[in-house]
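I have placed the structure first, in the form of structure tokens, so that the comments after it can refer back to it.
By convention here, the first residue in the shown sequence is residue 1.
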Amino acid sequence: MSANRSLLRLLGRLMTKFPPIRSIIDNAARIEDRVRLTRVSTVRRRGHVTIVEPYTAYGSTSWVRVLARVQIVPPPGRRLRVFARRRESERRVRGWRSFTRISVGRVPATVIIDGVRHRVTADRGGVIDVNLPANLAPGWREISFESFDGRITQAPAFIVDDAQRTGLVSDIDDTVMVTALPRPLLAAWNTFVLDEHARTPTPGMNVFYDRLLRTLGYESAPTLYLSTGPWNVAPTLARFLGRNLYPAGPLLLTDWGPTPNRFFRSGFDHKVANLERLAREFPHIRWVLVGDDGQHDEEIYGRFATAHPENVLAIAIRELSTSEAVLAGGRVASSKWQADSGVPWVYGPDGAALAARLHEAGILQESAERSRAETLLTEYREEVAERDEFIRTDGRAGDLEDDETPALREH
């Protein structure tokens with residue numbers, strides 16, 4: 001399966017060099033830019049303004065990776081009036097609404113970090129993704145953005161302590177969120193149709209991450225969510241993670257639509273590039289990489305662990321059910337990557353199983369409080385079992401006495 005997918009990726013790259021296909025791709029990117037420019041010009045005449053939609057940033061004490069997207073929206077007064085006219089039942093957030101917003105490419109914006117202003121420029125899709133110098137203390141901090149029209153927005157930024165040595169990188173689809181859809185339909189359904197409140201969390205994964213971070217460093221270990229989803233759904237994913245009590249952390253997503261080189265951006269290349277970037281940014285951190293066995297996670301993590309064993313603490317793979325695996329396109333054989341990587345691999349169908357495997361591997365350490373709580377729970381269950389057994393035994397004895405009493409009275 002892995003060889004077939006590698007062959008398909010190679011075939012796809014070769015096809016993009018074929019002149020007719022090359023021409024179609026170039027025209028698709030130009031058409032997208034032209035449509036976006038026309039939409040921007042139209043709404044600007046209606047008084048719409050640019051605003052920077054900020055996403056959670058991360059960095060060290062000397063730099064910050066800033067993540068945001070420049071969009072054009074109605075002026076504040078009009079937005080409030082439109083929102084006030086909506087009925088409460090209409091405020092459910094469908095994914096398609098995220099794609100009705102207009103991004104603005106190649107426009108300047110200002111990032112304010114601890115009072116220092118940095119001038120940046122968005123890419124052709126309106127995305128801002130840049131590392132900027134900073135001097136910040138470890139922990140959660142706040143940075144600000146100022147759009148071309150002077151609108152101010154803020155975003156949290158997690159600053160990693162220079163002494164931190166471990167962290168968590170997690171996939172989203174089929175890892176922290178159950179999708180159970182064929183991959184060709186997955187993006188369309190989750191992105192355009194599904195209400196954000198209807199998304200289902202994977203059983204036990206939030207508790208697993210909580211326990212894992214207590215071992216890695218509850219307040220100091222970085223948590224990053226690496227997904228092939230588009231930036232359009234970043235607010236929806238952030239609300240889903242927060243509502244289901246997953247650890248807060250930056251989302252590393254990709255842009256939507258055609259590029260000068262492809263019809264759609266490669267999710268595989270996106271994940272590989274971001275893992276390589278993390279290895280350069282945090283050469284001293286060893287990551288626990290969490291994904292699923294439905295698509296490319298095992299190959300991506302295996303390749304990364306083989307190239308950077310010093311940056312991988314362990315790899316945890318959620319095993320999809322048979323139906324999930326069929327819908328996801330089958331499982332990928334990972335024996336090669338396990339043998340070559342030289343790091344611990346664990347498998348399990350849910351968070352509880354993965355936690356147990358990492359505990360057996362000596363990576364997940366139980367806290368004294370949790371161990372004491374589990375001991376008390378075990379003792380309580382034993383006492384309940386003994387009491388139930390005593391009641392059943394005593395009840396049978398009482399029944400025998402009742403049965404024997406009439407006979408004794410006859411004698």
**Asked** Hey, is the main chain of Phe240 close enough, under 3.5 Å, to the side chain of Asn244 for a donor-acceptor pair?
**Response** yes
**Item:** Residue pair Ser144 / Glu146, side-chain donor-acceptor N/O under 3.5 Å
**Value:** no
**Request:** Work out which heavy atom in Val343 is nearest to a heavy atom in Pro309; give both atom names and the distance.
**Result:** CG1-O, 4.3 Å
**Asked** Heavy-atom distance under 4.5 Å between the side chains of Ile285 and Leu278, does that happen here?
**Response** no
**Polar side chain donor-acceptor pair, Glu310 to His284, under 3.5 angstrom** = no
**Request:** Taking the six-membered ring for Trp and the full ring for Phe, Tyr or His, determine whether the centres of Tyr301 and Trp345 are under 6.0 Å apart.
**Result:** no
**Request:** Please confirm whether the backbone N or O of Val127 pairs with a side-chain atom of Asp123, one donor and one acceptor, at under 3.5 Å?
**Result:** yes
**Prompt:** Is there a donor-acceptor contact under 3.5 Å from the side chain of Tyr246 to the main chain of Val176?
**Reply:** yes
**Request:** Please indicate whether His118 has more than 12 foreign heavy atoms, meaning atoms of other residues, nucleotides or ligands, lying under 6.0 Å from its NE2.
**Result:** yes
**Item:** Check: Pro349 main-chain N/O paired with Arg318 side-chain donor or acceptor under 3.5 Å
**Value:** yes
**Item:** Whether Phe268 and His296 hold their rings parallel, tilted or perpendicular, with breakpoints at 30° and 60°
**Value:** perpendicular
**Request:** Could you check Glu281 against Ser60 for side chain to side chain contact (heavy atoms under 4.5 Å, CB included), going step by step and ending with a plain yes or no?
**Result:** CA-CA 9 Å; Glu281 293 172 339; Ser60 73; over 6 Å; no
**Request:** With the side chain counted from C-beta on, respond yes when His48 and Ile72 share a heavy-atom pair under 4.5 Å apart, and no when they do not.
**Result:** yes
**Asked** What's the shortest heavy-atom distance between Val178 and Pro201, and which atoms?
**Response** CG2-O, 4.0 Å
**Request:** Go through Asp129 and Arg65 one step at a time and tell me if the salt bridge (Lys or Arg N to Asp or Glu O under 4.0 Å) criterion holds.
**Result:** CA-CA 7 Å; Asp129 182 356; Arg65 182 180 179 182; 2.8 Å; yes
**Prompt:** Does a donor on one side chain sit under 3.5 Å from an acceptor on the other, for Asp162 and Thr61?
**Reply:** yes
**Asked** Minimum heavy-atom separation for Asp297 to Gly291, with atom names?
**Response** OD2-CA, 3.4 Å
**Request:** Check the pair Ile143 / Gln154 against side chain to side chain contact (heavy atoms under 4.5 Å, CB included), numbers first and verdict last.
**Result:** CA-CA 6 Å; Ile143 61 176; Gln154 287 82 30; over 6 Å; no
**Message:** Under a 3.5 Å distance rule, please check whether Ser341 uses its side chain to pair with a backbone N or O of Thr306 as donor and acceptor.
**Reply:** no
**Minimum heavy-atom distance between Ala221 and Leu213, given as atom pair plus value** = CB-CD2, 4.0 Å
**Message:** Within the structure provided, determine whether Thr254 and Trp231 are in side-chain contact (heavy-atom separation under 4.5 Å).
**Reply:** no
**Request:** Take Gln164 and Ser220 through the test side-chain hydrogen bond (donor to acceptor under 3.5 Å, both in side chains) and record every step on the way to the result.
**Result:** CA-CA 7 Å; Gln164 181 66 27; Ser220 58; 2.7 Å; yes
**Asked** Looking at Gly229 and Leu253, what are the two nearest heavy atoms and their distance?
**Response** O-CB, 3.1 Å
**Request:** Using atom types as modelled and distance alone, determine if a side-chain donor or acceptor of Asn274 lies under 3.5 Å from a backbone N or O of His270.
**Result:** yes
**Prompt:** Got a sec, which residues hit side chain to side chain donor-acceptor pair (under 3.5 Å) with Thr202, two or more places apart in sequence or on another chain?
**Reply:** none
**Request:** State whether a side-chain donor-acceptor pair under 3.5 Å links Thr215 with Gln365.
**Result:** no
**Spacing of CG belonging to Leu136 relative to OG belonging to Ser62, to within rounding of 0.5 Å** = 9.5 Å
**Request:** For the residue pair Trp287 and Phe282, categorise the inter-ring angle as parallel (less than 30°), tilted (30 to 60°) or perpendicular (more than 60°).
**Result:** perpendicular
**Message:** Do Val272 and Phe304 have side chains that approach each other closer than 4.5 Å (heavy atoms only, starting at C-beta)?
**Reply:** no
**Request:** With side chain to side chain contact (heavy atoms under 4.5 Å, CB included) as the test, would you mind laying out the steps for Glu298 and Ile315 before giving the verdict?
**Result:** CA-CA 9 Å; Glu298 290 174 292; Ile315 296 174; over 6 Å; no
**Complete:** Heavy-atom nearest pair, Ser227 first then Ile172, reads CB-CD1, 3.8 Å
**Item:** Sidechain N-carboxylate O distance under 4.0 Å for Arg303, Glu299
**Value:** yes
**Message:** Taking the six-membered ring of Tyr218 as reference, does the cationic atom of Arg214 (NZ for Lys, CZ for Arg) lie under 6.0 Å from its centre and within 45° of its axis?
**Reply:** yes
**Item:** Side-chain donor-acceptor contact under 3.5 Å, Thr223 with Tyr209
**Value:** no
**Request:** Would you please say whether a donor-acceptor pair under 3.5 Å links the side chains of Arg277 and Asn131?
**Result:** yes
**Asked** Does the side chain to side chain contact (heavy atoms under 4.5 Å, CB included) test come out yes or no for Thr56 and Leu67, once each step is laid out?
**Response** CA-CA 7 Å; Thr56 302; Leu67 300 165; over 6 Å; no
**Prompt:** Do Leu132 and Ile113 have side chains that get closer than 4.5 Å, going by heavy atoms?
**Reply:** yes
**Prompt:** Under the ring pair (Phe, Tyr, Trp, His ring centres under 6.0 Å) rule, what pairs show up with a residue in residues 126-165, not counting sequence neighbours?
**Reply:** Trp140-Phe158
**Asked** With side chains defined as the heavy atoms from C-beta onward, is the minimum distance between Arg151 and Thr50 less than 4.5 Å?
**Response** no
**Asked** Any ion pair linking Arg141 and Asp114 (charged N to carboxylate O, less than 4.0 Å)?
**Response** no
**Message:** In the structure I gave you, are the side-chain heavy atoms of Leu224 and Leu226 within less than 4.5 Å of one another anywhere?
**Reply:** no
